[in-house]
**Student:** 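Before anything else, here's the structure in question.
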Amino acid sequence: MLSNFELYNGPLIELDSSKKLINTLNAHSYNTLKKDVFFREAIYASDMLLPDGISVVLAMRILKGEKLKKIAGADLFHYEMQRLNSINGKCFFLGSTPKTLKLITERAKREYPGIQVYSYSPPFKPVFSEEDNKAMIDAVNEVEPDVLFVGMTAPKQEKWSYQFYDELKAGHICCIGAVFDFYAGNIKRAPDWMISTGLEWLYRLLSEPRRMWRRYIIGNSLFVYEILKEKFLSSNNREAITIRNSSEMPPGTSMN
């Protein structure tokens, strides 16, 4: 199934300013979409899907021979903020707590003084009511931001953005999850050397073992199993087609 996804493999600078739904894909979200049909639909609907994780990068090389460059949600965030700062644009942070949004806004105004920063903290609940959704949409549409950052954790943020995409008056709609906490300083991101060597997952596991062990130990093992199974089944299917085609050829016909 992973080989069916088209993952972005270019520089972020090639992004134009037209409205887009931008999501990321890593081992955890892939495991989730295997079980969640609506989440899978939301990911398939992405205008741009970023390979956010060394596991996905390696898996696509195994399955399709593609050499992708990892592009994390944090990479997208910093690119968008630099772009908006250069054009005096507007960004909107939707999600998280009022305290976290305050920290994000204060830091963003210091580091990117050219950006108009807005935010809204939705209620913390498993399922939003119709009134909740309307309040969020109205808050965003009143601003009409160039970039809407959605941080409600996966798969909630992707499903919400997909469900209300047509109603949102925003340019790029970016589901970036943990970046809210990284930028606010609630969670420290891995050192650059661990990020560049594909060990960011290990840093997060060691930093928050109780919360992350299931995702990275069980989840990564499940992801590897699914990729190997997909690779094995794909190889078997190609062999079966080759054998069938060969058996259907007239006697004496060469395959060369």
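Reckoned from all heavy atoms, side chains included, excluding hydrogens, waters and symmetry mates. The structure presented is a predicted model; accordingly, all values stated were derived computationally and were not measured.
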**Student:** Going from CD1 on Ile13 to CD on Gln82, what distance comes out if it is rounded to the nearest 0.5 angstrom?
**Tutor:**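 Interatomic distance, Ile13 CD1 to Gln82 CD, rounded to 0.5 Å: 10.0 Å.
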**Student:** Side chains of Asp146 and Ser17: closer than 4.5 Å at any heavy-atom pair?
**Tutor:**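 Side-chain contact under 4.5 Å: no.
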**Student:** Among Asn31, Thr32, Asn26, which one satisfies side chain to side chain donor-acceptor pair (under 3.5 Å) with Ser29?
**Tutor:**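 Result for side chain to side chain donor-acceptor pair (under 3.5 Å) with Ser29: Asn26.
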**Student:** Side chains of Trp213 and Leu205: does their closest heavy-atom pair fall under 4.5 Å?
**Tutor:**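 Answer yes - side chains close enough.
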**Student:** Excluding sequence neighbours, so at least two apart, what forms side-chain contact (heavy atoms from CB on, under 4.5 Å) with Asp138?
**Tutor:**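 Expected list: Lys134.
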**Student:** Where do Phe77 and Phe149 land on the ring-ring contact (aromatic ring centres under 6.0 Å, His included) test, with the steps shown first?
**Tutor:** CA-CA 8 Å; Phe77 169 73; Phe149 295 115; 5.1 Å; yes
**Student:** Among side-chain atoms of Thr97 and Thr100, is any donor-acceptor pair under 3.5 angstrom?
**Tutor:**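 Short answer, yes.
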**Student:** Could you list all the salt bridge (charged side-chain N to carboxylate O under 4.0 Å, His left out) pairs where at least one residue sits in residues 152-178, not counting sequence neighbours?
**Tutor:**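 Listed by first then second residue: Asp36-Lys159.
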**Student:** Measuring only between side-chain heavy atoms, which start at C-beta, is Tyr112 closer than 4.5 Å to Leu84?
**Tutor:**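 Sidechains of Leu84 and Tyr112: no contact.
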**Student:** For Arg83, which residues count as a salt bridge (charged side-chain N to carboxylate O under 4.0 Å, His left out) partner, sequence neighbours excluded?
**Tutor:**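 Only Glu80 meet the salt bridge (charged side-chain N to carboxylate O under 4.0 Å, His left out) criterion with Arg83.
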**Student:** Would you say the side chains of Asn133 and Trp160 form a donor-acceptor pair under 3.5 Å?
**Tutor:**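 Judged by distance alone, the side chains do pair up.
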**Student:** Are Phe92 and Tyr120 an aromatic pair by the rule of ring centers under 6.0 Å?
**Tutor:**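 Between Phe92 and Tyr120, the centre distance exceeds or equals 6.0 Å.
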**Student:** Quick one, Glu230 and Leu2 - any side-chain contact, counting heavy atoms below 4.5 Å?
**Tutor:**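 Yes, close enough: below the 4.5 Å cut-off.
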**Student:** Taking the side chain as C-beta and beyond, is there a heavy-atom pair between His172 and Leu148 under 4.5 Å?
**Tutor:**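 Counting from C-beta outward, His172 and Leu148 never come under 4.5 Å.
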**Student:** If we count only N and O atoms by modelled type, under 3.5 Å, do the side chains of Tyr183 and Glu111 hold a donor and an acceptor together?
**Tutor:**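 The answer is yes; a qualifying pair exists.
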**Student:** Is Leu7 linked to Leu33 within one hydrophobic cluster, defined over Ile, Leu, Val, Met, Phe, Trp and Tyr using a side-chain heavy-atom separation of less than 4.5 Å?
**Tutor:**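 Yes, it is one cluster - the side chains of Leu7 and Leu33 are joined through contacts under 4.5 Å.
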**Student:** Quick one: closest heavy-atom pair of Cys91 and Ile115, and the distance?
**Tutor:**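 Where Cys91 meets Ile115 most closely, the heavy atoms are SG-CG2, 3.8 Å.
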**Student:** Counting heavy atoms not belonging to Lys125, are there more than 12 under 6.0 Å from its NZ?
**Tutor:**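 For Lys125, atom NZ is crowded (more than 12 foreign heavy atoms under 6.0 Å).
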**Student:** Compute the centroid of each ring, for Phe93 and then for Tyr118, and state whether the two points are separated by less than 6.0 Å.
**Tutor:**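 Ring centroids of Phe93 and Tyr118 are no less than 6.0 Å from each other.
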**Student:** Does anything in residues 170-181 pair up under salt bridge (charged side-chain N to carboxylate O under 4.0 Å, His left out), and if so which pairs, sequence neighbours excluded?
**Tutor:**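 Every candidate salt bridge (charged side-chain N to carboxylate O under 4.0 Å, His left out) pair involving residues 170-181 fails, so no pair, neighbours aside, qualifies.
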**Student:** Restricting to pairs with a member in residues 43-60, which pass side-chain hydrogen bond (donor to acceptor under 3.5 Å, both in side chains), not counting sequence neighbours?
**Tutor:**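 Sorted pair list: Asn23-Ser46.
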**Student:** Just to verify, what does Lys70 make a salt bridge (charged side-chain N to carboxylate O under 4.0 Å, His left out) with, not counting sequence neighbours?
**Tutor:**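 If we apply the salt bridge (charged side-chain N to carboxylate O under 4.0 Å, His left out) test to Lys70, skipping adjacent residues, the hits are Glu200.
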**Student:** Can you check whether Phe39 reaches Val37 side chain to side chain, under 4.5 Å on heavy atoms?
**Tutor:**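 Not touching, per the 4.5 Å side-chain cut-off.
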**Student:** Can you confirm whether Ile176 sits close enough to Val150 that some side-chain heavy atom of one is under 4.5 Å from a side-chain heavy atom of the other?
**Tutor:**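 No, too far: nothing below the 4.5 Å cut-off.
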